[in-house]
Every structure is written in C-alpha cells, then in structure tokens.
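Beneath this line is the structure, given in structure tokens, with notes to follow.
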Amino acid sequence: MSIQLLAFCASTRKESFNRKLFSIVVAGARQTGTEVTIVDLNDYPMPIYNGDDETATGMPESAVKLLEILSAHQGLLVVTPEYNGFFPPLLKNTLDWMSRPDPSGQSSLRHFQGRIAAIASASPSGFGGVRSLLATRQYLTILGLTVIPDQVTVSQAHKAFAENGELADARLQAAATALGATLAAVTARLAS
Ligand SMILES: Cc1cc2nc3c(=O)[nH]c(=O)nc-3n(C[C@H](O)[C@H](O)[C@H](O)COP(=O)(O)O)c2cc1C
C-alpha cells in the first residue's frame with residue numbers, strides 16, 4: 001500500500017533550529033519515495049482553547065482543516081522544541097482543539113487512532129529536547145497514535161547545523177535522515 005506522511009514543526013520561529021532538523025527528517029522520508037505533506041502551523045492559527053468559545057462557535061476552521069488533512073495520511077512527523085522541560089503550547093493547543101468532537105459531533109480521535117508517528121527535537125541546551133520528547137510521546141500516545149521507538153535529539157542546536165543545513169555531526173545527520181525513512185517504512189508496514 002502506498003502511504004502518505006503528514007509533517008509539522010511545533011516552532012513557527014523563522015530561524016527555528018527545529019525547522020532545520022525537521023527538513024532533514026522530511027528529506028529522509030522522501031528519499032524512500034514516500035510522499036510527505038508539510039503543514040506550516042503559521043497557516044493554521046487557533047485561539048487558546050476555551051470551552052465557552054467551543055460551545056459558542058465550535059472547532060476553529062484551522063482545526064477542522066488540519067483534521068481533514070490528517071485523515072488522508074497514515075503517518076505523522078512532529079518535530080518540537082522544548083519549553084521548560086515540556087513541549088510548547090503551540091503543539092498542545094493545536095492538538096487539543098483537533099481532539100475535540102468534529103462539526104459532525106463524532107469523536108475526532110478516530111483520525112489519530114491507528115496512525116504512526118515519529119518525534120524529534122532540537123535545543124540549544126545540552127538536553128537536546130529529550131524531556132520534551134518524553135512528554136510528546138506520552139501525549140501523542142494518549143491521542144491514539146503509535147509513536148515509533150526511534151527518535152532524534154539535537155543538543156547545542158545553535159552550533160549543530162552546517163551552512164548547507166545539514167547537521168555537522170555526520171552520525172547525527174544519518175540518524176535524523178534514518179528517522180524519516182524508518183517512519184515511512186513502519187507506516188507502510190502497519191498501514192497495509
Ligand atoms: C519559554 C521557554 C522555555 C524554554 N525551556 C527550555 C528547556 O527546558 N530546555 C531547553 O533545552 N531549551 C529551552 N528553551 C530554549 C529553546 O530550546 C530555544 O528557544 C529554541 O531555540 C526553541 O526552538 P526553535 O529554535 O525551534 O524555535 C526554552 C525557550 C523558551 C521560550
């Protein structure tokens with residue numbers, strides 16, 4: 001079965017280190033011949049979740065659109081920064097809205113369940129976002145995604161990338177590329 005991956009980065013910062021890492025992992029998936037749809041969360045703004053807003057106007061249009069896109073994909077890549085040992089509010093808020101009942105009143109979790117995910121993080125500290133990934137893995141699992149064991153963290157991210165966008169450490173560059181390829185392979189195996 002031919003599969004498609006959806007990919008987004010949970011930093012919208014122009015010079016984001018996570019976006020750089022994201023590009024490498026996406027390239028790794030594409031090298032296998034797998035189609036990858038990139039979503040820029042700048043294009044899907046949502047207010048901070050508020051139950052009264054939901055009662056009044058329902059799920060934001062951006063969340064509805066993202067759910068539609070997710071439903072057409074079998075795998076998901078999330079590359080996320082670490083904020084205070086956790087993943088950032090952008091990721092939580094986006095997925096919290098997407099987890100609410102959709103406009104038809106059905107549970108949106110059906111769009112997450114059974115799908116395969118991979119996660120990665122980059123940070124300027126020595127942690128490389130590993131604490132963020134612990135929380136991200138747990139959160140995505142609660143939504144119903146199956147998160148593959150492989151993951152990549154890039155520490156000292158402000159010094160880690162070469163001019164050409166690749167990771168200066170060849171082994172880390174290979175690991176980030178392999179993460180994308182593994183996500184594609186596992187998704188293809190489990191989705192068939
Ligand atoms: C509110 C906040 C909290 C942060 N906490 C951490 C942290 O716990 N660990 C860490 O390694 N970096 C932390 N950082 C630094 C981020 O890793 C850094 O800003 C990084 O560049 C963000 O990712 P980006 O470059 O993809 O935008 C924090 C940054 C912010 C804004």
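For ligands, and for the atoms within them, numbers begin at 1 and follow the listed sequence.
Judged by distance alone, with hydrogens and angles left aside, the side-chain atoms of Thr94 form no donor-acceptor pair with the main-chain N or O of Leu91 at under 3.5 Å.
Using modelled atom types, one finds a donor on one side chain and an acceptor on the other under 3.5 Å when comparing Asp102 with Ser104.
Partner Ser121 forms a side chain to side chain contact (heavy atoms under 4.5 Å, CB included) with one of Leu133, Val130, Val154 and no other, that one being Leu133.
For ligand 1, residues of the protein lying within 4.0 angstrom by heavy-atom distance are Ser11, Arg13, Ser16, Phe17, Asn18, Pro81, Glu82, Tyr83, Asn84, Gly85, Ser123, Pro124, Ser125, Arg131.
Judged by the 6.0 Å distance and 45° axis criteria, Arg131 is positioned over the aromatic ring of Phe127. The cationic atom of Lys92 (NZ for Lys, CZ for Arg) does not lie both less than 6.0 Å from the six-membered ring centre of Phe87 and within 45° of the ring axis.
Note that CD of Glu54 is 5.0 Å distant from CH2 of Trp97, once rounded to the nearest 0.5 Å.
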